[in-house]
Structures are given as structure tokens and as C-alpha cells.
Engineer: 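Got a structure for you, questions after.
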Protein chains: 2
Amino acid sequence: MSHNSELTGTGGDRRAPTTERRRRNRRASDNRAVTFKLPPGSRTLNQLKAACSQCSLHELCVANGLEIGDLARLDQLTQKRQRVLRHQSLYKAGMPFHAIYAVRAGFFKTEGTLGDGREQISGFQMAGELLGLDGIGEGRHLCNAVALEDSEVCVIPFAEIEAMARAIPALQQSLHRLMSRSTAHDHKLLSLLGNGTAEERVATFLLDLSHRLSQRGYAGSEFVLRMTREEIGQHLGLTLETVSRTLSRLQRQGAIRVQQRLVRLVDMDALVRTAPG
Amino acid sequence: MSHNSELTGTGGDRRAPTTERRRRNRRASDNRAVTFKLPPGSRTLNQLKAACSQCSLHELCVANGLEIGDLARLDQLTQKRQRVLRHQSLYKAGMPFHAIYAVRAGFFKTEGTLGDGREQISGFQMAGELLGLDGIGEGRHLCNAVALEDSEVCVIPFAEIEAMARAIPALQQSLHRLMSRSTAHDHKLLSLLGNGTAEERVATFLLDLSHRLSQRGYAGSEFVLRMTREEIGQHLGLTLETVSRTLSRLQRQGAIRVQQRLVRLVDMDALVRTAPG
DNA sequence: CGCACTTTTGAACAGAATCAAGTTTTGTGG
DNA sequence: CCACAAAACTTGATTCTGTTCAAAAGTGCG
């Protein structure tokens, strides 16, 4: 598949390959957020598809646990969509915080900068995951959310979902659960960066991706990495060379099979044994 | 004050130095959570002192932003106190999650274990800070919360504060703000562990402590570390030897003055220059 | 006073970073 | 469709920061 376009999840093995998507120019500097105008007529259809009640990611996202009636109310909030082209930012550090975002399709990274050149990628977000939670506290975003492929998000105005959460206990709980899980995920990552060897970090990273892809119905044992070696390194606290070497080593050990961005987890048990915990 | 039950904050420079606190036996294995029976008669007084509306940490904690009437309602929730002796656990990984906790006095660490010996301390919590947020997602605690000195917490039943947050928007917002800030703090730490040298990590750690102590009315330029070098290392992803060496180096450079647990930040600017970001 | 714990410091070692070169892949424009 | 340029990836050699191993000194408490 040359460049597959369709706002694919991440696996590439769920939807059939589709017609080529036209590539927009995407220079590294060209990262304004862009909202697409939909062609006239498509609006209604899109709204239908868009509703939480119709969304296939339903039970992974904020809608989890809601009754049918409440789902309909949530639909009102999540009408607004925003497309973000590859290498463009959904939001940037310093921008005022108004909304959180649920990834509908595509793949994001959230990166913080350390003043000098160094950057840390706090996480990668795929379909059904939330973006922007760290902006609540200060009323402005603290990191850049950049699409790694052409993507689409649901825009969820935060004040409004807060209001709705007051009326719908299940929504409130869902929101809290997601925030808490994101914290738990961060703590695991902290532990990994604090204690893990390069091999443990990479193995854990692959298993985490695999797990999240499985949850979304993609094959967990073979997938395409949406990020570069450098970005993996910025996430795991390693250099791109070390990431590359470690992937090669895991391959030599027979745990995985790597070919550029394509990864196959050949010996899952070996990976699990390699990962700590 | 025989066994210091004077649950001191953390500075040690706010209250006058007192008579030696009698050490309870504090074997590593002796870490059950213990709720003290208060001496008869003291109950009423304590409840009064205990109320959020009377609490000096008021604006740092969940009560922040509440109006006087709502504060009174919150007081109903936060009646329950729990003392935790040094080296005992407030909760442990795996225990069912029912409540979050606000540190009223004392000092905690939250540590996760990696199966093998390795441990990561995700954070240190001082007066006014929340404990247990990472348990919401799974309904059970994911780490151990251990008191580093005799401490006291407010027990906040989570289902009840959720209910109250539905009724009091300011409380809801306060809760969300605290969760978000904890995430933001984690992300900064991630960045530090991913990119920072030992010197940058230790300098940043000292500045963070200093800042939080200042917020609480303690001197930010001189304080007593409540944790061992090993615990600092488990937090920053360093060995205790490296922590010790780094503190010595910072002292040689004239940035700080260290004498066992006592730290004085002599040249704050130098520290800030050393810390990244 | 003695014992356990904590801290400091030194010396040797190891894992990842850095520096460097070469290859493959991808994208662009003719 | 091809050629060229840029980006991404791999691999090797060397360097360096922090770890490990080890010993000794300081501190606190019974």
C-alpha cells in the first residue's frame, strides 16, 4: 500500500485499502490546525456517523457506560468534528484551553518541549483516546498535539461536558475513569523510564501498542508504526540509534520481525518476558 | 511532644524545634494502615479543626474556589481523619479503592513496584495534596502510599465527593483541576527522566520541593528532606550513589548547602540555570 | 557503647549517547 | 515514469555518564 489514506486506525488490516488519498503538502513548519469545510450535502450523513451513539469506539471513549437516553444527550455535545492533516497541530502549548478531543480516526503524539532542543513525547493517542486533559488545570494547553497521519477528532467543549457530567452520573464516572487511567498509564511509563533498560522499554512499548490495537479490533500481532524511530526515542528516553539497534536485537532474538515501520510480534511470550512487571 | 504527634508540615522551620520525637519501631514490614483512637473529649475540638472551612490548606486543596455555603457542605464529607505512622501504608497496590485522601499533615510517597526488586516512586505528597487518584480507573489502588513521617489525612469517600461535585460546580472544577495538574506534573517528570542528566534531575527536584513548600508558608530556601537518598533516586531514576554524588557536586558548585537531610538553596539562580526548561 | 541504617567517596565497568558513514525509502518535480 | 533530493533507518567505533561494587564514616537509637 503506497500511502494509504482513509483515516485508518492504525492497523491497516481492518478496512480494505481504499483509493489513494491526495497528499497535502505537509512541511514540518506547516502545522496550523485546520478545520475542513465538508462538501455540501455530506453534512447530515457525517453528523449521523459522528454521533457517539453510532460510534464504534463507543465503549472505549467517554460514552462508555451510558444508557441509550443519555447517549443521545451526549451526541449533542460531540457534533463538532475537526480534521487534522499529518504533521499539523490540533493545539499547541500555550494556547487557551476550551475543549478536550476524542480521537475519531488517525494517530497523534503529544509532545512537550524543554526549552532547548530536547523534546519529550508524553504519549501517542489512537482512536477512542482523549487529548487535552492536561490543559484543564491551567486553562491553557501545556503541550503540542500533532497528528502523525491525517486524522479526525471530536471536539468536546469542556465546560459543556462538565455541565453534562453533573447531570449524568455515568458520564461523570466515565470521565473520571479516563482521567485516572491516563494517570496510571503515565505512572507505568515513569517506572519504565526510571528503571528500564533500552530493551525493556522498547518491548513494553510494542506490547502496549499491540494491546491498544487489539482493543480496537486490529491485529495486535502485526501493525504499522505510525511514528519514526526518533519519536519512539523521544517517548522512551532513548536516542533514535538505540531504538533502531534495540529493534534489530529483538529481531535477532526472534521476538519480533521488523521491516521499516511494519512490526510483527512473532514471540509474544519472549516480549512479555523481556518487559518488566 | 513526646511522640510527635504534632503532625508537622515539612519545613521544620515554621514551628520551633521541639523535643525529640520518640521513635516507634518502624520495621519495613510493619506497614499496616492504622486509625488512631482519639482520646475521649478531643473529638469535638478535632472536628472543628478538621473542617475544610477551617483548614489552612483551604485554597490548595479540593476546597479551593468554593463559596462559604458550599464549604460547609464539603465539611460534612471530610470529617473522617486517619493517622498513618511513619513507614506505614495508607493503602497498598491491589486494595479496593473507595476514597481519595487529602494530606492534612505529614509527608507521603507513592511507590509502584516492578515485580522484581525495582521500585519507582511516582511522587511525594505533602499537606494539601491528594492521594489515590490513580485508583479511580480500576476500582483498586495501583501503588502503595507510604508515610515518610507520622502523618494525617482526610478520608474523602469518592462516590460521595463525586455526588457532591454534581451539585457544586466549583467543587467539580476544583477536582478536575487537581487531577489535571497531577497529570501535568507527571508529564514534567517524564520529560525529566527522558531527557535530563543527573544534575538536571536533582536540581529540578529541589526546586520543585522548594516551590511547594513556599506555597505552604514554609521557607523555600532551607528545608529538611523527608526522604532518603535512595528514595530520591527511586523517584528520579538514579541510584542512591548518584544522588549523593550529585548533591555533593551541586554543593561544590556553590548552588546548595547539604548536611544530611538538611538542604539550603544558596544560589537559586544557579539551580534554575541547571534545571532544564 | 554497639548495632543498624544512611550517606559519602573511590575505582572499575557497562549501557547508552555521540559521532560518523552508508543504505533504503519516500517525496518532488521534470 | 524517472531522476534527484530529503528523510528515515541501520550499523560501526568511540566516548561518557551513571551503575555497580566496595569500603569507610556519620547518625540515631536502644
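A, B, ... follow the sequence lines: proteins, then strands. Residue 1 opens every chain. Remember, predicted model here, so these are calculated numbers, not experimental data. No hydrogens, no waters, no symmetry mates; every other heavy atom, side chains included, goes into these values.
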Engineer: How many whole angstroms separate atom CD of B:Gln260 from atom P of C:dT6?
Structural biologist: 12 Å
Engineer: Name all pairs fulfilling the ring pair (Phe, Tyr, Trp, His ring centres under 6.0 Å) condition that reach into residues 246-265 of chain B, sequence neighbours left out, sorted by first residue then second.
Structural biologist: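 Sorted result for residues 246-265 of chain B: empty, none.
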Engineer: May I have the distance from A:Gln234 (atom CD) to D:dA8 (atom C1'), rounded to whole angstrom?
Structural biologist: 14 Å
Engineer: Could you pull out all residues at least two apart from B:Asp186 that satisfy side-chain hydrogen bond (donor to acceptor under 3.5 Å, both in side chains)?
Structural biologist: A:His187
Engineer: Considering all heavy atoms of both residues, which atom of A:Glu200 and which atom of A:Asn195 are nearest to each other, and what is their separation?
Structural biologist: OE1-O, 4.0 Å
Engineer: Calculate the interatomic distance between B:Arg229 atom CZ and D:dG26 atom P; express it in whole Å.
Structural biologist: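 In whole Å, D:dG26 P and B:Arg229 CZ are 15 Å from each other.
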Engineer: Tell me the ring pair (Phe, Tyr, Trp, His ring centres under 6.0 Å) pairs involving residues 229-277 of chain B, sequence neighbours left out?
Structural biologist: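 The answer is B:Phe124-B:His235, B:Phe205-B:His235.
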Engineer: Write down the distance between CZ (B:Arg252) and P (C:dT8), rounded to a whole number of angstrom.
Structural biologist: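 Between P of C:dT8 and CZ of B:Arg252: 11 Å.
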Engineer: Using atom CG of A:Leu247 as one end and atom C1' of D:dC9 as the other, report the distance to the nearest whole Å.
Structural biologist: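 Taking atom C1' of D:dC9 as the reference, CG of A:Leu247 is at 10 Å.
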Engineer: Per the end-axis method with five pairs at each terminus, what is the bend angle of the helix from C:dC1-D:dG30 to C:dG30-D:dC1, to 10°?
Structural biologist: 50°
Engineer: For residues 105-114 of chain A, run the donor-acceptor check on the side chains, cut-off 3.5 Å, and write out each pair with its distance to 0.1 Å, sequence neighbours left out.
Structural biologist:
| residue | atom | partner | partner atom | Å |
| --- | --- | --- | --- | --- |
| A:Lys109 | NZ | A:Glu231 | OE2 | 2.9 |
| A:Thr110 | OG1 | A:Ser122 | OG | 2.9 |
| A:Thr110 | OG1 | A:Gly123 | N | 3.4 |
| A:Thr110 | OG1 | A:Gly123 | O | 3.3 |
| A:Thr110 | OG1 | A:Gln125 | NE2 | 3.2 |
| A:Glu111 | OE2 | A:Asn144 | ND2 | 3.4 |

Engineer: Would one find a side-chain N or O of A:Ser244 under 4.0 angstrom from OP1 or OP2 of D:dA8?
Structural biologist: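 False: A:Ser244 side-chain N/O out of range (4.0 Å or more) of D:dA8 OP1/OP2.
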Engineer: Quick one: side-chain contact (heavy atoms from CB on, under 4.5 Å) partners of A:Thr242, sequence neighbours excluded?
Structural biologist: A:Ala198, A:Leu238, A:Thr239, A:Thr246
Engineer: Calculate the interatomic distance between A:Arg118 atom CZ and C:dA16 atom C1'; express it in whole Å.
Structural biologist: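 For the pair A:Arg118 CZ and C:dA16 C1', the rounded distance is 16 Å.
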Engineer: Report, one pair per line, the protein and nucleotides 13-18 of chain D atoms (nitrogen or oxygen only) whose separation is under 3.5 Å.
Structural biologist:
| residue | atom | partner | partner atom | Å |
| --- | --- | --- | --- | --- |
| D:dG18 | OP1 | B:Ala198 | N | 2.6 |

Engineer: Rounded to whole Å, how long is the line connecting atom CD of A:Glu241 with atom C1' of D:dA7?
Structural biologist: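 Value for this atom pair: 14 Å.
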Engineer: Sequence neighbours excluded, which residues qualify as ring-ring contact (aromatic ring centres under 6.0 Å, His included) partners of A:Tyr101?
Structural biologist: A:Tyr91
Engineer: Answer yes or no: is there an ion pair linking A:Glu129 with A:Arg212, defined by an N-O contact shorter than 4.0 Å?
Structural biologist: yes
Engineer: Write down the distance between CZ (B:Arg261) and C1' (C:dT6), rounded to a whole number of angstrom.
Structural biologist: 7 Å
Engineer: Sorted by first residue and then second, give each side chain to side chain donor-acceptor pair (under 3.5 Å) pair with at least one member in residues 258-277 of chain A; sequence neighbours left out.
Structural biologist: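 Of all non-adjacent pairs touching residues 258-277 of chain A, none passes side chain to side chain donor-acceptor pair (under 3.5 Å).
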